[in-house]
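Structure first, commentary second.
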Amino acid sequence: MLAEKYPLETQNILAKYPPDQKRSAVMPLLYLAQRESGYVTKAAMQDIAALCEMSVTEVASIVGFYSLYYDKPAGKYRVQVCTDLPCALRGADEFLSKLCENLGIKVGETTPDGLVTVEAVMCLAGCDKAPMFQTQSSEGITYHENQTIESALEVIDAWRQQEKQA
Amino acid sequence: MTEHLLLRHRDIPNIDQLDIYQQHGGFDAFRKAVTTMQPDAVIDLVKASGLRGRGGAGFPTGMKWAFTDKKNWPHYVVCNADESEPGTFKDREIMERNPFQFLEGVMITAYAVQANLAYVYLRGEFWQIASQLDRQIAELEAAGILGDKLFGADYSLRLRTHLGAGAYICGEETAMLESIEGKLGQPRLRPPFPPSFGLFGKPTVVNNVETLTNVPLIVARGAEWYRSFGTDKSPGVKVFSLSGCINRPGNYELPLGATFRELIVGRGLGVPFGHKIKAIMPAGASSSLIVATDEALNTPMDYESVPKVGAQLGSASVIVIDDSVDIRWLLDKTLHFFKHESCGKCTPCREGTYWMSHLAERIASDHAAQAEVDLLYSVASQIKGKCLCALGEFSIEAVLSGIERFKEDFVS
Ligand SMILES: Cc1cc2nc3c(=O)[nH]c(=O)nc-3n(C[C@H](O)[C@H](O)[C@H](O)COP(=O)(O)O)c2cc1C
Ligand code: SF4
Ligand code: FES
């Protein structure tokens, strides 16, 4: 159970909102649940529904609506390259296709070792530092800006090393 | 170099540290408001300054605050830190580098409308900024600048952050309120407007990050001083996010009414690789395309002048397009965005963005007949005026202006 596993975090989240507005906690609780496995499990949705006094269907529809929540597992790290207009004007599309080529996958796919999923996303408010991407993982979201293919592959290599050591 | 008013971290190193910010007068304005000014006097001061909302619409800030319904309590303040318009990255720099001035702005606003709880709604991608703000809020509580009975006065205030999760529509203020309430981020029918029926059904003021970052200086230095910047109808300074085909992209703080030329050539040093500037989108992807004539480049960037060249100032995220860019490709890009971001609540926008995106993709791939360009234009025209919120209207700006003003790109 989420509340038992993370009692302090759960309490802090609920305390952010008026006591009669439990439903407001659904988004932060989904982030908390997603920390474990990179996606929100059915069981976590049930926990959250109970904590927020809403139905499981309603929680699932929130997960479906917002693009940073996932209901399926993917790579341990999601590399999300912005290919929106301003970034595309600075070479983001070529950057994305070269990155995929180097990793031997297509956009939306995961590397065979399960480490990296590459996705194309909308503007991330880093347009002046394109090409850029964010990485989403259990540790949260990190920005990587002014990237080259080399620097991006270095980031991914560092994760691979980390995995080996773990 | 004149001093920065909003991007003050560029003049004052470490202004993101509380003690440094306080050494430069930080939180004096908040203290002054709480201990010496009636809430209404703060509202009148901001009205007199002529400050207008920097989130896009340019609505007079003080006037909005004055609409807060005084017969219905409690009141809330929600700061819009969703910053998701393609080409916009100013609020991020302000929050990352000059966070206390921003927070002080939120706090003064809360005092002015007598809210005891304020939320900062950040887009989910600003996860790190939210953690940083949480720490800074805790610091302010520890320093007695936030909390109960502030400065011995009968006023208490708490600040909280709330993270979105990747949905452009949550930047629309009523969708944002729904989102904080734990619902799908879909706009509400209006009226009623947030100052009478907002968060949890209570009177709520929603303002953009940059708007509120102006407020501490207005309280500290006065309305007349503030009006010495900018134009008569668009007073003050603005952070312009400059991106696209430009040598020096980035944020530039200029007085409202500076020309496109000053920004694009003066600060951004023009377009690279010997290309020529072809078009300007002054309000991100939601913008009409302006043909980059001399007249356009000499146009002042303020809320009154930009419409004269056929666009809006909006969020002032200026995307520069050079002559290597095919407008068909550009429409495909922007429509892909709007199709993805339509919240699906109303049919003209949901279906319209879907079909426009489909058509634009074909047109961009060079396989389309002229009839499909005409069809795209007609679908866009039919969406106009039929949407529940402005996103639907934004989605057609580039389409209509692009096809009208850059005909040569559409002859196959
Ligand atoms: C689709 C859509 C997206 C918007 N996105 C933002 C945004 O990211 N940030 C913002 O401040 N305002 C955004 N707005 C404008 C807000 O609805 C609102 O007008 C603004 O937050 C009011 O603050 P201001 O008066 O200080 O500008 C958006 C509006 C629409 C229709
Ligand atoms: S116009 Fe689009 S984004 Fe706005 S409410 Fe309708 S479907 Fe949603
Ligand atoms: S367009 Fe890529 S970060 Fe804005």
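Convention: sequence-line order gives letters A, B, ...; per-chain numbering from 1. Note that the structure is a prediction, hence the values are computed from the model and not measured. Below, each value reflects all heavy atoms present in this structure, side chains not excepted, and no hydrogens, waters or symmetry copies.
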Does any part of the side chain of [Y], heavy atoms only, come nearer than 4.5 Å to the side chain of [X], both counted from C-beta?
| X | Y | value |
| --- | --- | --- |
| B/Glu125 | A/Val121 | no |
| A/Lys129 | B/Pro249 | no |
| A/Met122 | B/His340 | yes |
| A/Leu85 | B/Phe337 | no |
| B/Phe126 | A/Leu124 | no |

Structural part of [X] lying under 4.5 Å from a heavy atom of chain A:
| X | result |
| --- | --- |
| B/Arg158 | neither |
| B/Ser324 | neither |
| B/Ile319 | side chain |
| B/Glu93 | neither |
| B/Lys183 | both |
| B/Cys343 | both |

Using heavy atoms and a sub-4.5 Å threshold, report which of residues 127-134 of chain B line up against chain A, by residue number. B/Trp127, B/Gln128, B/Asp134
Nearest heavy-atom pair of [X] and [Y]: which atoms, and what distance?
| X | Y | value |
| --- | --- | --- |
| B/Phe89 | A/Ala125 | CB-O, 3.3 Å |
| A/Tyr66 | B/Leu184 | OH-C, 3.8 Å |
| B/Ile169 | A/Phe65 | CG2-CZ, 4.0 Å |
| A/Cys123 | B/Gly87 | SG-N, 3.7 Å |
| B/Thr88 | A/Cys127 | N-SG, 4.1 Å |

Counting heavy-atom pairs under 4.5 Å with chain B, which one of A/Thr142, A/Ile13, A/Leu89 comes out on top? A/Leu89
Between A/Pro86, A/Cys52, A/Cys87, A/Gly64, which residue shows the highest count of heavy-atom pairs closer than 4.5 Å to chain B?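 Option with the greatest count: A/Pro86.
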Does A/Glu145 pair with B/Arg92 as a salt bridge, N-O distance under 4.0 Å?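 Between B/Arg92 and A/Glu145 there is a salt bridge, with a charged N closer than 4.0 Å to a carboxylate O.
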Where does A/Asp93 contact chain B at under 4.5 Å (heavy atoms): side chain, backbone, both or neither? side chain
Side chain / backbone / both / neither for A/Ala15 at chain B, heavy atoms under 4.5 Å: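 The backbone, not the side chain.
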With no hydrogens and no angle check, is any side-chain donor or acceptor of [X] less than 3.5 Å from a backbone partner on [Y]?
| X | Y | answer |
| --- | --- | --- |
| B/Ser243 | A/Asp128 | no |
| A/Arg90 | B/Cys245 | no |
| A/Lys16 | B/His162 | no |

Which of residues 23-36 of chain A get closer than 4.5 angstrom to chain B, counting heavy atoms alone? A/Arg23, A/Ser24, A/Val26, A/Met27, A/Pro28, A/Tyr31
Should we say atom NZ of A/Lys98 is surrounded by more than 12 heavy atoms from elsewhere, each under 6.0 Å from it? no
Measure the acute angle between the ring planes of B/Tyr119 and A/Tyr17, then classify it against the limits of 30° and 60° as parallel, tilted or perpendicular.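 Aromatic pair B/Tyr119/A/Tyr17 classed parallel.
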Closest-packed option against chain A by number of heavy-atom pairs under 4.5 Å, given B/Ala167, B/Gly164, B/Ala285, B/Ser241: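 Looking at each of B/Ala167, B/Gly164, B/Ala285, B/Ser241 in turn, B/Gly164 comes out on top.
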Output, in order, the C-alpha distance, side-chain angles, deciding distance and verdict of side chain to side chain contact (heavy atoms under 4.5 Å, CB included) for A/Thr83 and B/His336. CA-CA 11 Å; A/Thr83 55; B/His336 179 70; over 6 Å; no
